[in-house]
Each structure stands twice: as structure tokens, then as C-alpha cells.
2 protein chains.
Amino acid sequence: MSTPAADPIPRSVSWRRGRVRILDQRALPHRVLHVECTTADDVCDAIARLVVRGAPALAVAGAYGVALAAHRSRSPAAVDAAARRLAAARPTAVNLARGVEQALRAYRRGGAAGALACAEALAEDDVARNRAIGAHGAGVVADGARVLTHCNAGALACVGYGTALGVIRAAAEQGRRVHVWVGETRPVLQGARLTAWELGRLGIEATLVADTVPASLMARGEIDVVVVGADRIAANGDVANKIGTYALAVLARQHGVPFYVAAPTATIDLATPDGDAIVIEERDPAEVLTVAGVPVAPREARARNPAFDVTPARLVTGVVTEVGIARPPYRRSLPSHVRRAPAPPGVTVAAHP
Amino acid sequence: MSTPAADPIPRSVSWRRGRVRILDQRALPHRVLHVECTTADDVCDAIARLVVRGAPALAVAGAYGVALAAHRSRSPAAVDAAARRLAAARPTAVNLARGVEQALRAYRRGGAAGALACAEALAEDDVARNRAIGAHGAGVVADGARVLTHCNAGALACVGYGTALGVIRAAAEQGRRVHVWVGETRPVLQGARLTAWELGRLGIEATLVADTVPASLMARGEIDVVVVGADRIAANGDVANKIGTYALAVLARQHGVPFYVAAPTATIDLATPDGDAIVIEERDPAEVLTVAGVPVAPREARARNPAFDVTPARLVTGVVTEVGIARPPYRRSLPSHVRRAPAPPGVTVAAHP
């Protein structure tokens with residue numbers, strides 16, 4: 001899988017000569033490095049350490065991990081065990097477990113070649129779906145719009161193109177002038193390190209701010225729309241996404257700013273009834289107590305580090321998917337092919353806002 | 001001025017052998033260092049570079065700066081000019097300009113000795129007023145309370161004891177069990193570096209979180225009360241404080257959590273009608289683009305760095321001052337001796353919440 005010459009952002013994950021090659025997002029924006037994984041456990045480790053992150057990218061990394069296990073071992077039990085470890089490497093994004101499961105089913109049908117074909121198809125599919133998300137969502141970004149995004153829901157969070165940044169990118173490609181406010185997204189600074197880097201590569205005007213700033217930008221009328229990604233969307237439309245998203249949704253509602261979530265339908269988990277049922281990953285407090293390896297708090301200080309929060313559906317203006325923009329009530333606006341779980345009736349999807 | 005042996009936190013600013021000695025807050029929490037200022041411009045520089053910060057501390061630092069100028073120069077014009085530079089070193093906190101003005105008036109009446117006596121009196125007065133703020137405010141922190149604070153409104157932001165942390169400290173001294181959630185307060189990390197350090201020294205239980213976390217703590221019912229400081233309070237009760245305060249106030253209101261501001265009456269500026277009239281300092285974008293000197297964004301990235309925001313009076317449950325808790329409407333609850341400017345009628349102050 002090579003990156004099309006036209007794309008200024010390298011693929012986050014790919015298969016190369018029997019290895020899984022992962023762009024090391026920890027080294028960005030200063031260096032473009034790759035980690036070469038030779039075992040499924042290398043992939044697990046890369047996922048746990050945030051070498052690769054972002055719900056759609058995790059789906060593909062998990063699938064490639066299964067393909068790697070299948071290529072390294074003749075024992076179905078070993079492949080099963082590797083798949084279980086991969087699926088559990090991070091708990092919040094539903095996409096990871098789904099990508100692993102799809103590759104495992106393909107392995108059971110078609111062996112190692114089947115698993116790899118599945119992973120490769122998921123990778124291609126990701127880019128196509130993100131372009132469709134962009135096409136459906138571009139309309140929410142008007143000419144001259146000042147868009148706020150949080151964390152990184154760009155090409156790096158996927159295999160390519162991006163979800164929330166895909167929407168912004170599509171608007172820019174349609175010739176609209178766009179300015180993006182980028183929340184830095186402590187503690188891991190995905191906004192500062194990744195989103196600012198992507199927007200720079202794409203030539204889209206952006207300004208970085210601390211996570212404390214968007215509220216006063218909204219109060220001064222300097223934000224027209226918020227677009228973020230998602231790690232899991234429950235059946236009732238509650239959205240788990242990077243910690244800080246919920247606060248932005250409350251503030252957007254208070255200030256009359258539309259709040260959109262952009263995510264492939266694979267992020268919608270109808271088996272999870274609502275946000276209360278979503279497991280929120282607690283990460284190492286060291287991420288809060290240090291920045292870029294430098295300690296910023298007293299040595300004896302304690303910290304809590306939840307990686308995600310839940311935004312209730314009532315605060316979400318719409319979910320931009322590859323099949324259209326779903327709006328509340330989601331049980332009725334979701335297309336029937338999305339309904340994979342014990343679930344409600346169907347469907348109509350708005351083509352545009 | 002020596003720190004009483006009982007106080008585990010060194011004084012932020014003091015006069016020592018003809019110099020102004022300032023605790024270097026940039027070096028905390030890792031090292032306790034002092035900067036020795038020999039000229040008023042050294043003091044200006046220390047203020048601009050955040051060696052000393054916090055509205056009440058700035059008042060005293062500014063006054064000592066005038067005393068220093070008066071000791072170094074026999075020319076009243078030079079002292080006047082130094083006072084103007086000191087007052088302008090940071091624009092948002094009204095206390096700085098007031099401290100400078102008081103010392104300058106004392107200089108005109110009593111020369112260098114008068115200016116120094118004024119600065120020393122302001123320093124002693126600060127600690128006494130903060131203890132009174134603590135006494136009035138302790139009641140807002142119930143036994144077992146989980147308190148959120150932001151930035152540093154502790155002893156370090158004053159000469160001693162603290163305003164918001166003074167309230168928390170007084171509750172702890174009264175034997176109440178308290179847990180403090182400390183927002184790290186990007187970009188300068190006063191929460192992580194200073195508040196966590198103070199609370200550690202005081203033996204008060206604290207947990208550090210990224211600024212994105214309090215919203216979900218509130219949603220889960222894990223915050224009982226918010227107590228923050230202030231840099232300027234307008235006549236209508238609008239509060240300028242560290243960037244991020246406004247978002248916390250909106251979130252507190254949404255979740256039914258009381259939101260208190262703790263500040264000496266010197267922070268109330270009746271000459272400023274409302275928050276729109278408060279100048280918000282924009283600081284160097286480098287504070288956002290780097291952390292502890294380490295670049296965290298692409299080299300070509302742009303950033304905005306407003307240091308403060310304005311919280312409208314309607315979101316403030318009460319302002320804890322040294323004369324009691326002022327509650328809306330402030331024009332009626334402010335004591336008459338606070339009314340120093342073209343201002344409204346008086347008064348009654350609630351003794352306790």
C-alpha cells in the first residue's frame with residue numbers, strides 16, 4: 001500500500017514485506033519515523049503506547065495484527081489468542097475490536113491470506129469512507145467559517161484523509177476559505193502535535209490554542225462550528241471521544257454553536273445502549289505529570305488521566321457518516337445496514353445539513 | 001520580613017537589605033530559588049516573565065518596586081516613570097496598578113522611607129486579609145467536600161496564605177476532610193507546578209487533572225464546589241481570571257455545582273463597569289507552542305495565547321472577600337468602604353454562605 005503522490009500525509013498503517021509498518025505518531029511533528037512490527041504483540045504494544053491511535057486507524061492496525069499473527073503461526077489457537085490481546089489493547093474505541101474480529105473471521109475462512117486480504121480491504125475502505133464523510137459533511141463548513149476541532153480526527157487517526165479533518169479538508173477542496181482553531185489536547189497533545197501538522201501539510205490556515213481557550217472564543221463569536229471525531233457512538237447517539245469533547249459540546253450549546261461529530265458508521269455500536277455503558281480508558285498518570293518527558297508537577301503529586309469522555313446525544317447537532325448526516329433521533333435516522341445489533345427500526349439519512 | 005516558622009510556603013515577595021527578593025515561581029516545583037531585584041526595572045521584568053504572578057502578589061511586588069526606585073533615585077520624575085512602567089508590566093490584574101499607586105502616594109508624602117513602609121504594610125495586610133477570606137469562606141467547603149480549583153490562587157499568588165487556597169486551607173484547619181481537584185492550567189501550568197506543590201506542603205489531599213477533565217468529573221458528581229481566584233472584578237460582578245475559568249463557570253452552572261470566587265476587595269474595580277471593559281492580556285504564543293522549553297507543535301504553527309477570560313456575574317455563586325461573601329446583586333452587597341469609584345449605593349455582606 002503506497003500513499004498516493006497527491007496525499008501530503010503518509011499512511012498511518014500499512015503492510016510491507018510481511019511486516020506491519022506503523023507511522024510513529026509519538027515522534028510527530030518533529031520527525032517522520034516508522035515502527036516495523038514483526039509480531040502481533042509488537043502491534044499490541046504500538047497500540048497501547050499510542051504509536052498509532054484514532055478509532056479508524058486502530059481498526060486497521062488490529063486487522064493487520066491478526067494477519068501478522070496468521071503469517072507467523074500455523075496454530076489457530078495462537079491466532080485466536082493474539083486476536084484477543086489485540087482487541088483488548090485499548091478499550092474505548094469499538095473500531096479496534098471490530099477490525100480484529102473481521103480479520104479473524106477472514107482468517108477462519110481463508111487462512112493467513114484471507115486475514116491479510118481483509119486488512120488490506122479495510123485500509124482501502126477507510127480512505128473511501130472518509131472521502132464520503134468529507135463529501136457529506138463539507139456543507140457544515142461555510143465559506144469563511146471558523147471551525148474548532150479537538151484532538152486529532154485527521155488522516156493520522158485513520159488510514160488516510162480523516163474524519164473531522166476530512167470534513168474540513170473537503171470544504172477547503174471545494175474552494176471554501178476555512179480557519180481552524182486547534183485545541184492542543186492535553187495530556188498527549190494530539191492537537192498540537194498531529195492536527196496542527198496535518199493542517200500545515202494541507203495548507204489550511206490554523207491557530208493552536210490551549211484547551212482552556214475555546215470557551216472565550218465562543219463567547220466572542222469567533223467559532224462558527226465545532227467538528228470532532230468519535231471513538232464509540234452508542235445506540236442512543238451518546239458519543240465517546242477524547243477527553244475535553246464533552247466540555248466543548250456543553251459550551252457550544254450554551255453559545256448556539258453547531259456541534260458535529262464525524263465518524264464512519266463502524267464507530268456506531270448499537271450493542272452499547274448509551275454512554276453509561278462505554279468503558280472509559282484510564283491511562284498512566286505519568287502522561288499528566290510530565291510533558292514531552294519533562295516533569296511538570298511535584299514528584300509526589302497524584303494525577304487522574306481518563307482518556308475519553310461521553311457527550312450526550314442531546315448536545316450533538318449531527319453525526320456525519322459515510323452514508324450521510326444522522327440527526328437525532330438516531331434510532332430513526334440510521335440506515336438499516338448499520339443496524340448490526342439488537343436494535344431499533346429504520347431510517348432516513350439527511351444528505352446535507 | 002521573614003516567613004513565620006509555622007508557614008510551610010515561603011513568602012512570594014519581600015524586602016531584604018535594600019533589594020526586592022522574589023521567589024522564582026518559574027523554578028517551582030523542582031527548585032526553590034529567589035530572584036534579587038536591585039532596580040525597579042528588574043521588578044518589571046520579574047513581573048512580565050512570571051517570576052511573580054497572582055493579582056495580590058503583584059500589588060505588593062509593584063509597591064516594593066516603587067520603594068526600590070525611590071531608594072535608588074533622588075529624582076521624583078524618575079520614581080514617577082518607574083511607577084508607570086511597573087503599573088503597565090501586566091494589564092489585567094487591577095491590584096498591580098493599585099499597589100503601585102499606593103506606594104507612589106506614600107513616596108510623595110514620606111519619601112523613600114514612606115514608600116517602603118507602604119509596601120511593607122501592604123505585605124502584612126495581604127496575609128491578614130487572606131486569613132479573613134479563609135475565615136469567611138471556609139463554610140463553603142463542607143466536611144468531605146471535593147473542591148475544584150484552577151490556576152494558583154494560593155500563598156504564592158499573594159504574599160502568604162492564599163485566596164482560593166486560603167478558603168480550602170481554612171476549611172482543612174477547621175478539621176474538615178477536603179479533597180482538591182487541581183486543573184493543571186495550561187499553558188503556564190500554575191496548577192501542576194504551584195497549586196499541587198502548595199497543597200503537598202500543606203498536607204491537603206489533591207489530584208491533578210488536565211484542564212479537559214473537570215467537565216466529566218462534574219457529570220459524574222465528583223465535584224461539590226468550585227473555588228477560584230480573580231485578577232479583576234468589575235462593578236457588575238463580572239470576573240476576570242485565568243483563562244479556563246469561564247468554561248468551568250458555565251460547566252458548574254450546567255451541573256448545579258456552586259462556583260465561588262475568592263479575592264480581596266482590592267480586586268474589585270468599580271471604575272470598570274463590566275467584563276467587556278477589562279483588558280485581556282495576550283501573552284507570547286511560545287508559551288503554547290512549547291512546554292517547559294520543549295517544542296510541542298510544528299515549527300511553523302501559529303498560536304493564540306490569551307492569559308485570562310471573563311466570567312459573567314450571573315455564573316458566580318458568591319465572591320468571598322475579607323469582609324464577607326458578596327452575592328449578586330453586588331451593587332447592594334458590597335460594603336461602603338469598598339466603593340472607591342463613581343459607584344452605586346450600599347450594602348450588606350453575608351457573613352457565611
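First the proteins, then the strands, lettered A, B, ... as listed; each starts at 1.
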Could you tell me which of [options] has the largest number of non-hydrogen atom pairs under 4.5 Å with chain A?
options: P187(B), A301(B), G244(B); result: G244(B)
options: R299(B), M218(B), E205(B); result: E205(B)
options: L189(B), L28(B), T207(B); result: T207(B)
options: V294(B), V213(B), D309(B); result: V213(B)

How many angstroms lie between atom [atom1] of [X] and atom [atom2] of [Y], to the nearest 0.5 angstrom?
X: Q254(A); Y: L251(B); atom1: CD; atom2: CG; value: 9.0 Å
X: D211(A); Y: I243(B); atom1: CG; atom2: CD1; value: 11.0 Å
X: L199(B); Y: R302(A); atom1: CG; atom2: CZ; value: 11.5 Å

Which atoms of [X] approach chain B - backbone, side chain, both or neither, heavy atom under 4.5 Å:
X: P285(A); answer: neither
X: V250(A); answer: side chain
X: A206(A); answer: backbone
X: P29(A); answer: side chain

Select one option (side chain, backbone, both, neither) describing which atoms of V288(B) are under 4.5 Å from chain A's heavy atoms.
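Looking at V288(B), backbone and side chain both touch chain A.
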Is it the side chain or the backbone of E184(B) that comes within 4.5 Å of chain A heavy atoms, both, or neither?
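Only the side chain of E184(B) comes within 4.5 Å of chain A.
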Contact leader toward chain B among [options], where contacts are heavy-atom pairs under 4.5 Å:
options: R304(A), E300(A), R193(A); result: R304(A)
options: H30(A), E287(A), K242(A), H150(A); result: H30(A)
options: A247(A), G200(A), P312(A); result: A247(A)
options: G191(A), G293(A), G183(A), P295(A); result: P295(A)

For [X] and [Y], which heavy atoms make the closest approach, and how far apart are they?
X: A192(B); Y: P298(A); result: O-CD, 3.2 Å
X: Y246(B); Y: A215(A); result: CE2-O, 3.5 Å
X: A297(B); Y: L208(A); result: CB-CD2, 3.8 Å

Just wondering, are more than 12 heavy atoms of other shown residues or ligands nearer than 6.0 Å to CZ in R220(B)?
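Result for CZ/R220(B): enclosed.
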